[in-house]
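One structure below.
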Number of protein chains: 2
Amino acid sequence: MSEKIHRSVPVRPSPTLEDLATAAGVSRSTASRAINGGSRVSPEAQAAVDAAVVSLGYTPNRAARSLVTRRTSSIALVINEPDARVMMDPFFAAVITGVTEALRETEMQLVLLMSRAGGDASRTVRYLRGGHVDGAIVVSHHKADGWTEDLAASGLPTVFIGRPWDTGLGIHYVDVDSFEGGRLAALHLAATGRTRLGTVTGPLDMTAAVDRLAGWNTGLREAGLPPGPVAEGDFTTPGGAEAAALLLAEDEGLDGIFAASDIMARGVIMALQASGRSVPEDVGVVGFDNHLTAPGELPLTTINQPMVETATKAGRLLLADIEDTRSNRDPVIFPARLVMRASTAV
Amino acid sequence: MSEKIHRSVPVRPSPTLEDLATAAGVSRSTASRAINGGSRVSPEAQAAVDAAVVSLGYTPNRAARSLVTRRTSSIALVINEPDARVMMDPFFAAVITGVTEALRETEMQLVLLMSRAGGDASRTVRYLRGGHVDGAIVVSHHKADGWTEDLAASGLPTVFIGRPWDTGLGIHYVDVDSFEGGRLAALHLAATGRTRLGTVTGPLDMTAAVDRLAGWNTGLREAGLPPGPVAEGDFTTPGGAEAAALLLAEDEGLDGIFAASDIMARGVIMALQASGRSVPEDVGVVGFDNHLTAPGELPLTTINQPMVETATKAGRLLLADIEDTRSNRDPVIFPARLVMRASTAV
DNA sequence: TTGTACGCGTTATCAG
DNA sequence: CTGATAACGCGTACAA
């Protein structure tokens, strides 16, 4: 045991499996077996190794381990948003919370892969294909994300949160019933006696936005109402406000608006009030997400979307997929439910 | 090139450095040098390797690389919150955004380490000490987090966001000027003619909460006002509401409240309105964070806290620390600034 | 049940 | 400037 007095970097090398084995009085192999499955190792050897583990504070070297096992014990959460501002949407907090929940009690670590504006999508897919993670959860998928095929072809276990554009690729995904949500919004506004209805959609290069719009149109038809004005938003509050202004320009007698996210609904209400209209008296507003918790502002009628649960489900499915490549790949769809609050009171 | 027809797992092994070398007509060593620094390698060899890289789609095996370099090209973001709900605070979105920003243009990946209620703090510190990451950013640090010393002693480059409890450990940190923020809040409320002032603090096992409270008390003294009632909140909206109720019970003639976070200020306003008081007429309210973007609700006077920039700074400092262990360790404090809005109008 | 020996893909050392 | 060759720490046939 030599002791260097002046060591600029106070990092003592962590004990290796070799150290552990000698400390336990067994061979490397036995120590290895004891650490892992623990099969085919005598009770006394097991005990000796266990003791050595705690006394040495041994932690297996992940790099060395994954080099031979070809598993990394980590999964990627791919958030593909060019605009960093959307990160502020509670949606992502819910996703992170849910995925983390699925990973607890697991050795798996979560690697955050945020692709930014600079078109470094190739970098993301390279990383994913490079064997750095055992699987990936992809959220916030856009139509222009051409790498979806590459990813599917790579064979990396992958679960999408939100239906991918090309379901023909056999990609595993979980989603909330956006179509039904849009439909419920239309039916609810109609049921409260409103007849001139418009909608602020999400970015139409996302399936969630398209599905909500389709459900909305279906709901209008079922209610016997004509298709009203449609404006595309961007899932931000200012975007919602701008879109609402467009809607009002198209039909100033509008008495009901469905916004495809709560965040946008905020903007819609702001625009309505700025134009001298009151909510819900003049115009009823329905949001989507049920993520808002801002007492003090007008309670928003919205479509409940169990995002945390959805994300947790995605995590569990991915883990199962990693364990067994032939696991069930059927999409899982969570139901949408209308939550009525003051913004559509009659 | 043999082709297996029935391959259950469509994963073709990614090309190795060996493959790359033969494809480029050079040796492994040269290929390696070409990939990395590129020093001491002839232009033609470099070109050959570069070409082979793109044609083969080569990606270095991270595990193998870090096994020998002892660097992992990844850093951890440690979020230490027992309650998953607080993740909904925009604060964390800002932190993630900021750190990600610091890492762009870098090969570094971000590993999210969220410790949950189950007291698996030891697991976190084991992971950190286990050499799985090159450094760590710790946010949301609580007094009871006993592992701070272990972490400091481990020599792992670490940067705290928010002053750690034991600054004697020489831990590198960045922070916003919480003290000054609290002071500004008190002075502002006093300047608007309010004299019976109370505050809802954050959890007092966090330095940010303690600092804001200290600044608040100092501000009161400077304004010649007596120390008012103090209630401890938990950085959530319901917690803010409860604390405000406590404040009112202590002094029902209160005409000004400072909440140590915007989220809590929402709860405060809710509680005030529920008690029949109006804001800002009866009671002025000041928040802290300047993260709220909820048009439709009362615009909140608050203390601006540049969290994204702070987090970015933390990321850059950590990178510098990893590069050069003897880098500057002086704490970096971002200034606080009062943003006046309607909630304290006179 | 245990131990020996080999290989995982890279970088670093050291002769050429 | 280049190319053998030796580590890096671990899992696992294979043999004992």
Side-chain angles (χ1 to χ4, degrees), chain A residues 11-50 52-53 56-74 107 126-127 129-134, chain B residues 11-50 52-53 56-74 107 126-127 129-134:
Chain A
V11 168
R12 68 168 164 292
S14 37
T16 153
L17 186 57
E18 182 76 51
D19 304 334
L20 187 71
T22 44
V26 297
S27 76
R28 274 199 308 274
S29 330
T30 303
S32 173
R33 282 187 284 257
I35 288 176
N36 304 323
S39 78
R40 299 189 322 186
V41 37
S42 67
E44 44 271 23
Q46 180 74 36
V49 172
D50 289 345
V53 165
L56 266 64
Y58 172 76
T59 314
N61 180 314
R62 226 164 174 122
R65 173 176 280 179
S66 73
L67 184 56
V68 47
T69 61
R70 284 147 180 297
R71 300 215 9 196
T72 63
S73 294
S74 65
E107 285 295 298
R126 268 218 324 275
Y127 183 83
R129 301 192 49 160
H132 306 314
V133 292
D134 297 335
Chain B
V11 169
R12 67 168 165 293
S14 38
T16 153
L17 186 59
E18 184 74 53
D19 304 335
L20 187 71
T22 46
V26 297
S27 75
R28 263 210 322 271
S29 322
T30 302
S32 176
R33 281 187 287 258
I35 288 175
N36 306 321
S39 78
R40 299 188 324 187
V41 37
S42 66
E44 43 270 22
Q46 180 73 291
V49 172
D50 288 346
V53 165
L56 266 63
Y58 171 78
T59 314
N61 180 314
R62 226 166 173 118
R65 173 177 283 178
S66 73
L67 184 56
V68 47
T69 61
R70 289 155 176 293
R71 304 232 343 214
T72 63
S73 294
S74 64
E107 285 295 298
R126 268 217 325 276
Y127 182 84
R129 301 193 48 157
H132 306 314
V133 292
D134 297 335

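Residue contacts shown for S42(A) are limited to sugar-phosphate atoms, with no base heavy atom under 4.0 Å away. Residue A63(B) is out of contact with every strand shown, counting any heavy-atom pair closer than 4.0 Å. Within 4.0 Å (heavy atoms only), L17(A) reaches sugar-phosphate atoms of the nucleic acid but no base atom.
A donor-acceptor pair under 3.5 Å is formed between the side chain of T72(A) and the backbone N or O of D134(A). Side-chain atoms of T30(B) never come within 3.5 Å of backbone atoms of V26(B) as a donor-acceptor pair (strictly under, hydrogens ignored). No donor-acceptor pair under 3.5 Å is formed between the side chain of R129(B) and the backbone N or O of T59(A).
Between R28(B) and T30(A), the residue anchored nearer the 5' end of DNA chain D, judged by the nucleotide with its closest heavy atom, is R28(B). Mapping V26(B) and L67(B) onto DNA chain D by nearest heavy atom places V26(B) at the nucleotide closer to the 5' end.
Each of T16(B), D19(B), I35(B) was scored for a side-chain contact (heavy atoms from CB on, under 4.5 Å) with Y58(B), with one residue passing: I35(B).
The shortest distance between the side-chain N/O atoms of T69(B) and the OP1/OP2 oxygens of dA12(C) is not below 4.0 Å. Here S27(B) reaches the OP1 or OP2 of dG3(D): one of its side-chain N or O atoms lies under 4.0 Å away. Applying the 4.0 Å criterion to OP1 and OP2 of dA12(C), one finds that S32(B) has every side-chain N and O outside that range. Contact check, S29(B) against dT2(D): no side-chain N or O comes under 4.0 Å of OP1 or OP2.
Atom-to-atom, CZ of R70(A) to P of dT12(D) comes out at 12 Å; the value is rounded to the nearest Å. Taking atom CZ of R62(A) as the reference point, atom C1' of dC8(D) lies 18 Å away to the nearest angstrom. Atom CZ of R71(B) and atom P of dT10(C) are 18 Å apart (whole Å). What separates CG of D19(A) from C1' of dG9(D) is a distance of 10 Å, to the nearest Å. In this structure, OH of Y58(A) is placed 11 Å from C1' of dG11(D), rounded to the nearest angstrom. Note: CD1 (I35(B)) to P (dT10(C)) measures 7 Å, nearest angstrom. Atom CG of L20(B) and atom P of dT10(C) are 9 Å apart (whole Å). N36(A) has its CG atom 15 Å from the P atom of dT2(C), to the nearest Å.
Listed nucleotides: dT12(D), dG9(C), dT2(D). Nearest to the side chain of N61(B): dG9(C). Taking only side-chain atoms of R65(A), from C-beta outward, the nucleotide of dC10(D), dT2(D), dT10(C) with the closest atom is dC10(D). For R33(B), the listed nucleotide lying nearest its side chain is dT13(C); candidates were dA13(D), dT13(C), dG9(C).
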Go through the steps to decide whether N61(B) and R70(A) satisfy the test side chain to side chain donor-acceptor pair (under 3.5 Å), and finish with yes or no.
CA-CA 10 Å; N61(B) 180 314; R70(A) 284 147 180 297; over 6 Å; no
